[in-house]
> 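Before we start, here is the structure in question, set down as structure tokens.
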Amino acid sequence: MACPETITTKNLSGKLRLNKTLSDDIDETLKLQGVGYIKRTAIANFTLTLEPTQFTDDDGVEHIDVKQTLSGGFKAPADSLLLNGQEISKEDDLFGHLIAKSWRAQVDDLDIDFLKEGWSEDTLEHGLIAGVVKSDTPKSKRDWVINVVWGFVVLDGVRRFARRFRFTVKDRSGPIDVKLYYDYRGYFPSSYFLVLTEIPLS
């Protein structure tokens, strides 16, 4: 199903299911991030669905909280973004110790050409959700970086949510560029929206 034009990078909501046929394979990047074979096989066999909730707090900072579910009803680690450009440290169940930051970016402000290409007019107008996620090397003993952007594209006439990232790692000569496309699966019930005071910010 095409994503409606009311859903933009200023109003992310609904259910967004990864389209594996259209998307690039991520097994190599997972392996280089230290994810073991059993977990990589499980990820390959399940389909990920995102359920984002977006809001602005009283200080004017944009938040995006993302519930993640694997096919079969299995829960994946939730994600929480603060679009303030400030680095935060966190420990992820899959990737270990990380340092991450997120912000809203205009396409022309990006340094990587791969991340600039093919976005919808509304994404160019409102901006992309941009981020950098990297291993916390002293704690994780790994050395990789992901530059990522979120937005919308029109692919074969269908408007879709998309994520693109460039993965670089110390032990590999060149980057890996990945495109991920999602099918729109409709709105989720209002019960999923959380009161601001109930949402953890770390």
> Which atom pair, heavy atoms only, marks the closest approach of A105 to A130?
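Closest approach of A105 to A130, heavy atoms only: CB-CB, 3.8 Å.
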> Taking everything shown except E117 itself, do over 12 heavy atoms lie less than 6.0 Å from its CD?
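Atom CD in E117 is packed in, count exceeds 12.
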> If hydrophobic residues (ILVMFWY) are linked whenever their side-chain heavy atoms come closer than 4.5 Å, directly or via other members, who joins V154 in its cluster?
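Via sub-4.5 Å side-chain contacts, V154 links to none.
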> If hydrophobic clusters are built from ILVMFWY residues whose side chains come within less than 4.5 Å, do Y184 and L22 share one?
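Y184 does not cluster with L22.
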> Is L94 reachable from L81 through a run of I, L, V, M, F, W or Y residues, each pair having side-chain heavy atoms under 4.5 Å apart?
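Linked, L81 and L94 end up in one cluster.
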> Which heavy atom in V153 sits nearest to a heavy atom in G118, and how many Å separate them?
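Reported closest heavy-atom pair: CG1-O, 3.5 Å.
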> Does the side chain of L18 reach to within under 4.5 Å of the side chain of L180, using non-hydrogen atoms?
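In contact.
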> Which pair of non-hydrogen atoms, one from L128 and one from G151, has the smallest distance, and what is that distance?
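So the two residues come closest at CD2-CA, 4.1 Å.
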> Under 4.5 Å between side-chain heavy atoms, chaining through other members, with only Ile, Leu, Val, Met, Phe, Trp and Tyr counted: pull out the rest of the cluster around I99, sorted by chain and number.
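Traced through the cluster, I99 reaches no other member.
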> How long is the span from the CD1 atom in I129 to the NZ atom in K10, to the nearest 0.5 Å?
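NZ of K10 is found 8.0 Å from CD1 of I129.
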> Checking the side chain of S135 only, and the main-chain atoms of R142 only, is there a donor and an acceptor separated by less than 3.5 Å?
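Yes, the answer is positive, given that a donor and an acceptor are paired below the 3.5 Å cut-off.
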> Report yes or no: does K101 contribute a side-chain atom to a donor-acceptor pair with the main-chain N or O of L83 at less than 3.5 Å?
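Answer holds: no.
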> T168 and side-chain contact (heavy atoms from CB on, under 4.5 Å): which single residue from L32, I176, I146, V145 fits?
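So, applying the side-chain contact (heavy atoms from CB on, under 4.5 Å) to T168 and each of L32, I176, I146, V145, only V145 qualifies.
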> Restricting to non-hydrogen atoms, name the atom on D177 and the atom on D24 that form the minimum distance, rounded to 0.1 Å.
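Nearest heavy atoms, D177 then D24: O-OD2, 3.9 Å.
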> What's the separation between atom OG in S102 and atom CD in E87, rounded to the nearest 0.5 Å?
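Reported to 0.5 Å precision, the distance equals 10.5 Å.
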> So, the side chain of D92 versus the backbone of G96: is there a donor-acceptor pair under 3.5 Å, distance only?
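Here the side-chain-to-backbone pair does not exist.
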> Without hydrogens or angle criteria, can the side chains of T9 and R104 be said to hold a donor-acceptor pair below 3.5 Å?
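Present: a donor and an acceptor within the cut-off.
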> With sequence neighbours left out, write down each residue that passes side-chain contact (heavy atoms from CB on, under 4.5 Å) with E121, or none if nothing qualifies.
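With neighbours one apart ignored, the set is L124.
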> Would you say S80 and D65 are linked by a side-chain donor-acceptor pair, where the criterion is simply a distance under 3.5 Å?
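Yes, a side-chain donor-acceptor pair sits under 3.5 Å.
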> Going by the rule side-chain hydrogen bond (donor to acceptor under 3.5 Å, both in side chains), which residues pair with E28 if we only count those two or more places apart in sequence or in a different chain?
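E28 satisfies side-chain hydrogen bond (donor to acceptor under 3.5 Å, both in side chains) with R172 once adjacent residues are dropped.
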> Over all heavy atoms of both residues, which pair between Y181 and S23 is shortest? Give the atoms and the distance, please.
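Closest heavy-atom pair between Y181 and S23: N-OG, 2.8 Å.
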> Just checking, is any N or O donor in the side chain of Y182 or R163 under 3.5 Å from an acceptor N or O on the other one?
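Side-chain D/A pair, Y182 to R163: present.
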> Measure the NZ-CD distance between K67 and E51 for me, rounded to the nearest 0.5 Å.
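Interatomic distance, K67 NZ to E51 CD, rounded to 0.5 Å: 4.5 Å.
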> For V149 and F165, run side-chain contact (heavy atoms from CB on, under 4.5 Å): C-alpha distance rounded to whole Å, both residues' side-chain angles, the deciding distance at 0.1 Å, then the answer.
CA-CA 6 Å; V149 289; F165 67 84; over 6 Å; no
> What residue pairs, at least two apart or across chains, pass side chain to side chain donor-acceptor pair (under 3.5 Å) with a residue in residues 143-155?
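Listed by first then second residue: nothing to list.
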> When rounded to the nearest 0.5 angstrom, what is the spacing between OG in S120 and CZ in R160?
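S120 atom OG to R160 atom CZ measures 13.5 Å (nearest 0.5 Å).
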> Taking the six-membered ring of W119 as reference, does the cationic atom of K116 (NZ for Lys, CZ for Arg) lie under 6.0 Å from its centre and within 45° of its axis?
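No.
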> Suppose the criterion is side chain to side chain donor-acceptor pair (under 3.5 Å): which pairs have a residue in residues 31-45, not counting sequence neighbours?
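The answer is D27-R40.
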> Just by modelled atom types, is the Q86 backbone N or O under 3.5 Å from a matching donor or acceptor in the N84 side chain?
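Pair found, side chain donor or acceptor close to backbone of Q86.
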> Quick one: pull up CG in L70 and CD1 in I43 and give me the separation to the nearest 0.5 Å.
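Atom-to-atom, L70:CG and I43:CD1 are 7.5 Å apart.
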> Dump the intermediate steps for salt bridge (charged side-chain N to carboxylate O under 4.0 Å, His left out) on K90 and D79, then the final yes or no.
CA-CA 11 Å; K90 58 183 180 179; D79 200 6; 3.3 Å; yes
> Could you go through D122 and T8, starting from their C-alpha distance and side-chain angles, then the distance that decides it, and tell me whether this counts as side chain to side chain donor-acceptor pair (under 3.5 Å)?
CA-CA 7 Å; D122 61 278; T8 69; 5.4 Å; no
> Rounded to the nearest 0.5 Å, what's the gap from CG on N19 to CZ on F161? Could you check?
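Here the interatomic distance stands at 13.5 Å.
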> Going only through I, L, V, M, F, W and Y residues with side-chain contacts under 4.5 Å, is there a path from F46 to L16?
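They do share one cluster, since a chain of ILVMFWY contacts under 4.5 Å joins F46 to L16.
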> Return the minimal non-hydrogen interatomic distance between R164 and F114, and the atom names on each side.
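Result for this residue pair: NH1-O, 3.4 Å.
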> Please tell me whether I26 and L98 are part of a single hydrophobic cluster in this structure, the criterion being side-chain heavy atoms less than 4.5 Å apart.
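As far as the 4.5 Å side-chain criterion goes, L98 and I26 are connected within one cluster.
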> State whether F152 and R159 meet the cation-pi test: NZ (Lys) or CZ (Arg) under 6.0 Å from the six-membered ring centroid, and within 45° of the perpendicular axis.
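Yes - R159 lies over the ring of F152, closer than 6.0 Å to its centre and within 45° of its axis.
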> Heavy-atom distance under 4.5 Å between the side chains of L50 and K15, does that happen here?
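Counting from C-beta outward, L50 and K15 never come under 4.5 Å.
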> Check whether V178 and V35 end up in the same hydrophobic cluster, where Ile, Leu, Val, Met, Phe, Trp and Tyr are linked by side-chain heavy atoms less than 4.5 Å apart.
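Yes.
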> So do W103 and V132 actually touch side chain to side chain, heavy atoms under 4.5 Å?
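Yes; the side chains approach each other to less than 4.5 Å.
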> Would a distance-only check, ignoring hydrogens and angles, find a side-chain to backbone donor-acceptor pair under 3.5 Å from Q54 to I64?
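Answer holds: no.
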